[in-house]
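Contents: one structure, followed by commentary.
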Amino acid sequence: MNRLLLATYPASHRSRHGDELLNCLAEAYPGRSWPPPRETAALLRGGLEVRARTVADAPARPWWLDGIHLAALVLAALALIPYLQDVWHWALRIDPGDQAISFHFSGWYPWADGPGRPRLLPYGLLPLVCLVALLRGRAWLALPASAAMVWAGATFGGNTLFGTEGMAGLGYYGLGAPLTVHDLVLSGTLAAACAVLAFRRPGRLRRHTFGWLVPVVLAMFVAGGLHLVAISPAFQRGLFVVEVAGLLAAWVATAATGDHRWLIPVAAFAFVRGQAIVVRPSGFMGSLPDLVVLLLLVAPLPALAIAAQRRQRRTVLELP
């Protein structure tokens, strides 16, 4: 299990120092396959800091381009989250029965076949295609998928390609108000980011390995296998943990490097989530007061900016 913790470090760092770290852990905690929580947190933070420094020191791409790329990835994942179950069932042709996502029928499912029953595509395929394309640095493939998301929302009420799935139903909750497909702020912001990436040095985008898709497939398996819809309490609790972990990772990376690129995806996330609360306060779940949620969304922005400024000041003082 200790090797699993080292996966947070880059491959080059593991090849040079991996055996040394494993030997230190074996000596410090003999007979244990997993170090104590405090040591685990320290290893995870160390891995994130090493990765962040590697990214920040890479001269291949400017920080703002990498930041927009990260923002597009975050928004594509945000758009996919409500439809994890739907895409999984559609891909494996599983009939969830009464556990469908609260709609009449949810896409290209076996029971949708028959006279007068068109085969429909789940809306979640669009953000999934966009996410995979962005992970592989193929912004020219992500752009049409994000544009199709805008088109699906703009033709709300008259478009039958995706059926009622994702068109009239509730989308993403989290701490904020629901985001439905016809709320074009999410899809429009994603399409704008993809357009910048596609037409501005597309060959310089970072290309992640297919291993980054493992958490996506795992999330689909859990949501589809357990029939977890986006509005269920279990789904929301898990999503809240993921959001907090993402914000902590952005803070660790910013504090370690003094780089502002991680501020861009956090700002995009806060903008999309915050506008949903301002525009549709009646759709808020009511788990926390609206003002508290807005403060929770906005607070990470100055925190990241201050962390970057402190790191830059410290670096200047350390120079000979």
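Start at 1 with the first residue, then count along the sequence.
Both Val217 and Leu80 sit in one connected hydrophobic cluster of ILVMFWY residues. Membership requires side-chain heavy atoms under 4.5 Å apart, directly or through other members. Note on Val132 and Leu92: same hydrophobic cluster, where clusters join Ile, Leu, Val, Met, Phe, Trp and Tyr whose side-chain heavy atoms are under 4.5 Å apart, directly or indirectly. The cluster map of Ile, Leu, Val, Met, Phe, Trp and Tyr, joined by side-chain heavy atoms under 4.5 Å apart, puts Val129 and Trp88 in different clusters. Tracing side-chain contacts under 4.5 Å through hydrophobic residues (I, L, V, M, F, W, Y), one reaches Phe210 starting from Leu134; they form part of the same cluster. Cluster annotation: Val272 and Val150 are assigned to distinct hydrophobic clusters (Ile/Leu/Val/Met/Phe/Trp/Tyr, side-chain heavy-atom contacts under 4.5 Å, transitive).
Shown here for Arg207 and Arg136, the closest heavy-atom pair between the two residues is CG-O, 3.2 Å. Counting all heavy atoms, side chain and backbone alike, Pro215 lies closest to Gly211 at CD-O, 3.8 Å. Of all heavy-atom pairs between Leu263 and Ala305, the closest is CD1-N, 4.4 Å. Minimum heavy-atom separation, Ala77 to Leu131: N-CD1, 4.3 Å. Heavy atoms only, all atoms of each residue included: Ala223 and Leu84 are closest at CB-CB, 3.9 Å. Considering all non-hydrogen atoms of both residues, Leu190 and Ala72 come closest at CD1-O, 3.4 Å.
With rounding to the nearest 0.5 angstrom, the CG atom of Leu213 is 5.5 Å from the CG atom of Leu135. Here the CZ atom belonging to Phe221 is positioned 13.0 Å from the CD atom belonging to Gln85, to the nearest 0.5 angstrom. Atom CE of Met149 and atom SG of Cys194 lie 9.0 Å apart (nearest 0.5 Å). Rounded to the nearest 0.5 angstrom, Asp259 CG and Leu304 CG are separated by 11.5 Å. Note that the CH2 atom of Trp63 and the CD1 atom of Ile68 stand 8.5 Å from one another [nearest 0.5 Å]. Between atom CG of residue Leu247 and atom CZ of residue Phe269 there is a gap of 6.5 Å, rounded to the nearest 0.5 Å.
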Report task. Dump the intermediate steps for side chain to side chain contact (heavy atoms under 4.5 Å, CB included) on Leu128 and Tyr83, then the final yes or no. Result -> CA-CA 9 Å; Leu128 177 61; Tyr83 310 109; over 6 Å; no
Requested in this report: Apply the test side chain to side chain contact (heavy atoms under 4.5 Å, CB included) to residues Leu248 and Val244: give CA-CA distance (whole Å), side-chain angles for both, the deciding distance (0.1 Å), then the verdict.
Outcome: CA-CA 6 Å; Leu248 289 176; Val244 171; 4.1 Å; yes
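No side-chain donor-acceptor contact under 3.5 Å links His69 to the backbone of Leu205. Judged purely by atom type and a 3.5 angstrom limit, Ser146 uses its side chain to pair as donor or acceptor with the backbone of Leu143.
Listed by first and then second residue, the salt bridge (charged side-chain N to carboxylate O under 4.0 Å, His left out) pairs involving residues 64-83 are Asp66-Arg206, Asp66-Arg261 (not counting sequence neighbours).
A search for side-chain contact (heavy atoms from CB on, under 4.5 Å) contacts involving Ala253 returns Ala52, Trp262, not counting sequence neighbours.
Residue-environment remark: CH2 (Trp251) stays at or below the threshold of 12 foreign heavy atoms within 6.0 Å.
A 4.5 Å side-chain heavy-atom check between Pro265 and Leu73 finds every atom pair outside the cut-off. With contacts defined as side-chain heavy-atom distances shorter than 4.5 Å, the pair Thr254/His260 does not qualify.
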